[in-house]
Every structure is written in C-alpha cells, then in structure tokens.
Number of protein chains: 2
Amino acid sequence: MEATKRHRRKMQSVTMMDVAERAQVSPSTVSLYLRKPDAVSATASRAIAEAIDALKYVPNLMAGGLAAASSRAVSVIVPSVRNAFFAETVATMQAELGKERLQVMLGHSEYSEREEENLVKMALSWKPAAVVLTGLSHSATTRRLLKDGNVPVLELWELGGEPIDMAVGFYHEQVGSTAATHLVQRGRKRLLFLGARLQEDRRAALRADGFLKTAREATGVSAEIVQHPAPANAAIGAMLLAEAIRKYPDIDAVACSNDHIALGVIFECQRIGVQIPERLSVIGFGDLSFSAACNPALTTIRPPGDLIGTEAARLILDRINETGRAAPTVIDTRFTLLQRQSS
Amino acid sequence: MEATKRHRRKMQSVTMMDVAERAQVSPSTVSLYLRKPDAVSATASRAIAEAIDALKYVPNLMAGGLAAASSRAVSVIVPSVRNAFFAETVATMQAELGKERLQVMLGHSEYSEREEENLVKMALSWKPAAVVLTGLSHSATTRRLLKDGNVPVLELWELGGEPIDMAVGFYHEQVGSTAATHLVQRGRKRLLFLGARLQEDRRAALRADGFLKTAREATGVSAEIVQHPAPANAAIGAMLLAEAIRKYPDIDAVACSNDHIALGVIFECQRIGVQIPERLSVIGFGDLSFSAACNPALTTIRPPGDLIGTEAARLILDRINETGRAAPTVIDTRFTLLQRQSS
DNA sequence: TGGCTTCATCATAGCGCTACGATTTACGAA
DNA sequence: TTCGTAAATCGTAGCGCTATGATGAAGCCA
C-alpha cells in the first residue's frame, strides 16, 4: 500500500533545484554555471548568482562526485606533518590546490608501508582527483590498488627507479654525497654521519649511504656512522654527538641526517667546549627555520619542500584539466648546499 | 526514441551489487556488514568478506555520503601546519580519527577570517561529520554558516567567551600571566615581552596582554613589549633581542611569544656575550622538540597540543556515535610551566 | 501447539547532481 | 528570405549506496 511506503524526507534544505526555480533556469544550467561559468550567459549568470546568495545555497559535493565519478579532492599521504619537511610540502600544496577549490585530504603513514596501504584504500574510496604519496617504498598491494584505481598518482620527495605515475623530488644519495664532498674539500679527514630512525626513514638512510660511499672514496679519508632508533630531534642529536666523540675521539667533521640533529650537536659542542668549525665541522640537512640563526650559522643542504609542493600541485591541475601539455613524468627539483659558518 | 536515449555507462567496475551477488546476499546486507558488522550473521559475514576480497571491492564513499546525508570526513582548519603547534594537533587528530576510518580534510586559514570563511564554505559542501576551527575569532558569516550547517563544531587552542558548539584549549592571558609571575618570583624587575605577528596571531597577542598586565601589577616591576610583524622564527628572535637591548639596556628578563623566538634569543645572547640566566632570564612558549636540548635548557610553557587533538577527536567520535554522555561543551586542557635552566 | 519476540535479511525509493545528446534561439551569409 | 552554424539552455536517466519499514525464521514460554 502506498500509505505505508517509506517516504525518505529531503535532507538538504536548499538544493540546486530550488536555485534553478528562483533563477528561472533549469537545474542543468545552474550546474553548468558552477562548473563552467563561461558557458552560461551573463543574464542567466546574474540570476543564478542572486538566487544562490538569497537562498544561501551550499552545493553537495558528494552528489556531484557520485554523478561525475570523481571528486574535487586530493589525497595527500605523508609520514607526518610533525615533520617540517612534509608540513612545508602539504602547506604549499594546500595553498595551490585550494585556489582551484580542490580539497586536501590528509593521511599519516608514520613510515609504515602497511599503514600507507590502509590510507590508500581509504583514499580511493573518495574517488580522489589524485593521490599523493611520499617516497618510493610501497607495498605490492598499494601499487596494484593505485594502478587499478585509474587515478593520477604522484610520488614526492624522492627520485630513483620507475614511478607509479609521476614523481617530484631529488636523489637523496646525491645529498649525502654532496655533504661528503663539501667536508672533504674543507680538508676534513675523519668524517662521521649522525642519523636517527634510519630503519624506517629510508631517505635518511639513502643520504647516509651516499655520504659514506663518497667519503670513503676520497684518499686518506675515513667515514663512520653513529645511529639512534628514535625519531630525530635536538636531544637525540646531543646524545649522538656525545656517543660519536666517545667512540671516535679524533673526528673532525659530522654530517647530520637533518637539522634537528645538527641543532643538538651545536648545543652539545657548546656544553663540552668543542669549537665549531675549528675543532669540528658540522653540516646538516633541511635548512629549517632556525638553521641560519644558529651560533655558528649552520651549513646545511636545502631541499625545496615548497617547490615540491608547487610542482606537485601544478602536475595535478594539469592532469585534471588535461591541458594537453605532455607533463614530464619525473621532475628533479635538485637541492642546494648552503655554506654558512659551521663548516 | 529509446534507441537514441543516452546510456550512461557504469563508472565503477565493482560495486556493492557485485559483492552481494557473489556472496549470495542482498546489497542491503553488504551495506549493513560494512556499517554495522555485529548486525550480520557469521555465515553471511564470511561470505561477504570473501567476496570483497576476491572482487577487490572499494566502497564509494560519495554514494554512501549522499544516501546518508553525512560523510565520514572531518574538516580541520588551522592557520598552517608549518606551525608546530597545529601540526601536533592535526597529527594527533588524524591518528585518532583514522582509527575510526574518518578522513581528515585540511584547510589553512593563515590567520585570515576571510580565508577561514571560504574554507568553511568548502568544508560544508562535503557534509562533514564535524568542522574543527582554530581559535575563537570568526566572521559573522562563518558563525551563521556553522549554525545553519547542523554540524558539530569544535574551536581549538583557545578558551574565552561562548563557543559556537564545543571548545578545547586554554586561556592564553593566563599563559602570559604565568610567565610574568614566574619571572617576578625569580626576582626579575625589568621585564620585556618579545612577540611576532601579533596583529594576526591573536593568541600570541593575548599572551602578551596577560604578561604585561600581571608584570605591571607587581610592585617595583616594569614591563615593555618589542614586536615584529613577520612570522616568528629564530632569526626574528635574534633581531628582536638586539632591538630590545638597544631600547631597554637594563632589562633582566624576556618572555618570548614562542620557542622559535626564544631559540633566536639564546643564540643572539651567545653572540653578544650575554649570560643566560645570570644576566638575562629567558622564558618561551611551546616546549618545541628542541627546547630541552638548548644551551642553557629553555624554561618554557608547554601547551598540550597532543591532548587538544586527542580530546577533540574524542568529542567528535562521541557526538558521531551519540553515546549519550553529555560531553562537556568546553574542555580546559590548561598548560604546564617547565622550569629549566634559562630562567 | 500457538503466539509472541527477537534476530537476520531484504526491498526499494530516493539522496543531489552531472553528462551528454536534444532543443531552441540568434545571427550571419548567400 | 532562407539556410546553416554557433551559442545557450534543457531533459532526464542514472551514478552507488543507505534508511527504514517489511518479511521470514527461529526460539521460547505458556
């Protein structure tokens, strides 16, 4: 009986139908106005804008996404925004994509391929316009999901090997190599690499590899490594320096896997009376906001986190808008050695 | 003619209908299994799980959100994740909400009420399960949109006045007051507040107000302020200290609006030969990852960014699950004075 | 044995928008 | 004046899932 049929009430107080009625156009025209304003006449546009404002209409992006089989969302998966590198890239992407009314959806992998896989599954459920990952290490399931997902994929912050789709980053072994070359050119002969969490942070491990390889190739130069499994911060840096000097009393240079560690090294050197750079050269990685203000000012290698974010956003927008430009699959943003006082 | 009728092709290769067919249940049961597993028998659950795995089914959350008139997304709007305070809160919320398969959507307001308003409009288009804002300053339009939006709203990181819905944070004037009280109790009499970007960062401005008010109430104590319009970082901190000493040569204590500024102050004091804390006490705000490792270790006030994130996530989940507990509208997380060596 | 309750499962209309072909109108050229 | 083309607008089925009442089966108690 019709009397007992379920009547699902309308959930949204104002819909595109209401806007269309007030503006005296069809709902299709309202939809077109919101998606392609240039395809709608000035007269109709004014009436529609007035109706939207008067009715305080808020579009339902889920209905639009269902109908279009794609959403205006970009899933961005980084190890953590606690990490200043990824915070910078996320912030830059959010600014660029926000301008085009694309919503950034955030996921934290905490350097876990398993967690990244779970996040990719959740991401794909939203039919995102693109999926952004950090680095090149992914589970086989993640790779299959993304290949089957028919979605633009970017891998950021690391280059090497064949990307799933697009990649923006630089070669981390080259960062390590550049640090070693710099110290050797400064005349240092007893080099040390200080790293944290290298088991999970593969990019830091790659920098360590590049450093040791290049340093050990230099005539008359020795290079060792001292590590700690905890996440990198200044306190860990201080501990690492203390252990380094205990194990290798004659070191004359240290390269740190990031500037937090380098900061801790600088403070620890002050405490134990080691002069930088006279007695010990220090080089970091990251060029964080405090690096130039250190005493002495920190020599470091600057990764362009902002450029990575900007280029990634541009690739996404190009792919979405299909401007026809054959966007390069891989962008090498390189990095910059900033020679300051500490080396 | 039917022959010329448009046939919109099915977009998603595998849908819930396919899973239902393979598991030999109805699509309703599959939907129930995904939303409320306890309501489905063990036999049916096994068959459905097998079918999902075999067909590699990925749900379409937009269809679900359209049908349910709500999505499993939480919109989180912070000034920027470049700021470690908000990065910590976002990271904590992402971890808690991710466990319940709620997607964090990120927005950056850059301390602009206008930008926040735009982000709230975009947020509401996704029919989020909750909207999270930072601070208590919002445009009238933002307040109306959220009230009309029929959505749980949280305001984080600041208490004071009546919240739109729920609030988790602490009183920033009390932070400033606590810093002043601490310095006065240490016997300091010529106090200075060093702040950056106080025009936009209202919480930092509130801390400055609290500091000056309390310091000036103390007998025989004077207090001034030196500011810079740029975003706070260590380099700005160094500049502020240099200007502070130039303008007020007899100061014996500085309170910094955050620990980045304090870090710059520490380094600048080293450069100009000012002994901390003998000649100058320094107190910061934030307890960032480097604060304990400074030389001298930095006295600071620790805001519980992680607790704010955890409590916010709990309030959201309670509201979504409607557990019946009358969750308090306002949670004061307080803050902690960490007295280290610099004061 | 029958009736009532509970648990598991199902039916299906509809949520709000979009794609894309159809239709209408206006303008310019022959 | 007529025809063709371009611009603007419209029609409407369907995208994939869910809410909620309906239905059937099983179990328990009188």
Side-chain angles (χ1 to χ4, degrees), chain A residues 1-21 23-48 52 55 57-72 124-127 129, chain B residues 1-21 23-48 52 55 57-72 124-127 129:
Chain A
M1 293 179 158
E2 281 189 6
T4 63
K5 270 182 173 177
R6 174 169 59 84
H7 294 296
R8 300 268 306 281
R9 77 178 183 279
K10 187 181 175 193
M11 299 293 199
Q12 191 155 313
S13 55
V14 176
T15 69
M16 202 168 277
M17 315 304 161
D18 304 306
V19 174
E21 193 175 321
Q24 291 194 304
V25 294
S26 79
S28 303
T29 304
V30 178
S31 174
L32 196 59
Y33 167 79
L34 291 171
R35 288 181 292 108
K36 290 176 185 171
D38 290 341
V40 176
S41 71
T43 305
S45 292
R46 280 194 296 275
I48 295 170
I52 289 177
L55 296 175
Y57 167 69
V58 174
N60 188 323
L61 295 182
M62 288 183 296
L66 174 60
S70 175
S71 68
R72 290 199 70 79
L124 291 176
S125 296
W126 290 96
K127 308 300 173 194
Chain B
M1 293 179 156
E2 280 189 7
T4 63
K5 271 181 173 178
R6 174 168 60 83
H7 294 294
R8 300 269 306 280
R9 76 180 182 282
K10 187 183 175 191
M11 299 295 195
Q12 191 155 315
S13 53
V14 176
T15 69
M16 202 169 278
M17 315 304 161
D18 304 307
V19 174
E21 192 175 323
Q24 293 193 302
V25 294
S26 77
S28 305
T29 304
V30 177
S31 175
L32 197 58
Y33 167 80
L34 291 171
R35 287 181 293 108
K36 290 176 183 171
D38 291 342
V40 175
S41 72
T43 304
S45 293
R46 281 196 294 275
I48 294 170
I52 288 177
L55 297 175
Y57 167 68
V58 174
N60 186 323
L61 295 183
M62 288 183 296
L66 173 60
S70 176
S71 67
R72 289 198 71 78
L124 291 175
S125 296
W126 289 95
K127 308 301 173 194

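This structure is a prediction, so every number in the text was calculated from the model and none was measured. Heavy atoms only: backbone and side chains are in, while hydrogens, waters and symmetry mates are out. Naming: A, B, ... by sequence-line order, numbering from 1 per chain.
- Between B:S41 and C:dC7, a side-chain N or O to OP1/OP2 separation shorter than 4.0 Å is absent.
- When all heavy atoms are compared, the tightest approach of B:I52 to B:L34 is CD1-CD2, 4.0 Å.
- Between A:D38 atom CG and D:dA7 atom C1' there is a gap of 13 Å when expressed in whole angstrom units.
- Taking atom CE of residue B:M16 and atom C1' of nucleotide D:dC15, one finds them 14 Å apart after rounding to whole Å.
- For the pair A:W126 CH2 and D:dG16 C1', the computed distance is 14 Å after rounding to whole Å.
- With B:S45 as reference, B:V40 is the one residue of B:V25, B:D38, B:V40 to meet the side-chain contact (heavy atoms from CB on, under 4.5 Å) rule.
- Judged purely by distance below 3.5 Å, without hydrogens or angles, the side chains of B:S26 and B:T29 pair a donor atom with an acceptor atom.
- Inter-residue side-chain proximity for A:Y33 and A:V19 is flagged as unmet; no heavy-atom pair is nearer than 4.5 Å.
- When all heavy atoms are compared, the tightest approach of A:M16 to A:P27 is SD-O, 3.9 Å.
- One can place CE of B:M62 at 12 Å from C1' of D:dC17, the figure rounded to the nearest angstrom.
- To the nearest angstrom, P of C:dC17 lies 13 Å from CD1 of A:I48.
- Using five terminal pairs a side, the axes of the helix from C:dT1-D:dA30 to C:dA30-D:dT1 at its two ends make an angle of 30°, given in steps of 10 degrees.
- Here the side chain of A:V40 is nearest to one of C:dC17, D:dT9, D:dG16, namely D:dT9.
- In this structure, the CG atom of A:L66 is 4 Å from the C1' atom of D:dC15, given to the nearest Å.
- Contact annotation for A:M17: base contact, defined as any heavy-atom pair under 4.0 Å involving a base atom.
- We find that NZ of A:K127 is positioned 17 Å from C1' of C:dT18, with the value rounded to whole Å.
- Heavy-atom minimum distance, A:S125 versus B:V58: OG-CG1, 3.7 Å.
- Listed here is the closest heavy atom pair of B:M62 and A:L61: SD-O, 4.4 Å.
- Taking atom CG of residue A:N60 and atom C1' of nucleotide C:dG16, one finds them 6 Å apart after rounding to whole Å.
- Side-chain atoms of B:S70 do not come within 3.5 Å of backbone N or O of B:A129 as any donor-acceptor pair.
- A distance-only check finds no donor-acceptor pair linking the side chain of A:S71 to the backbone of A:G65 [under 3.5 Å].
- Non-hydrogen atoms lying under 4.0 Å from DNA chain C are contributed by B:V25, B:S26, B:S28, B:T29, B:L32, all within residues 24-37 of chain B.
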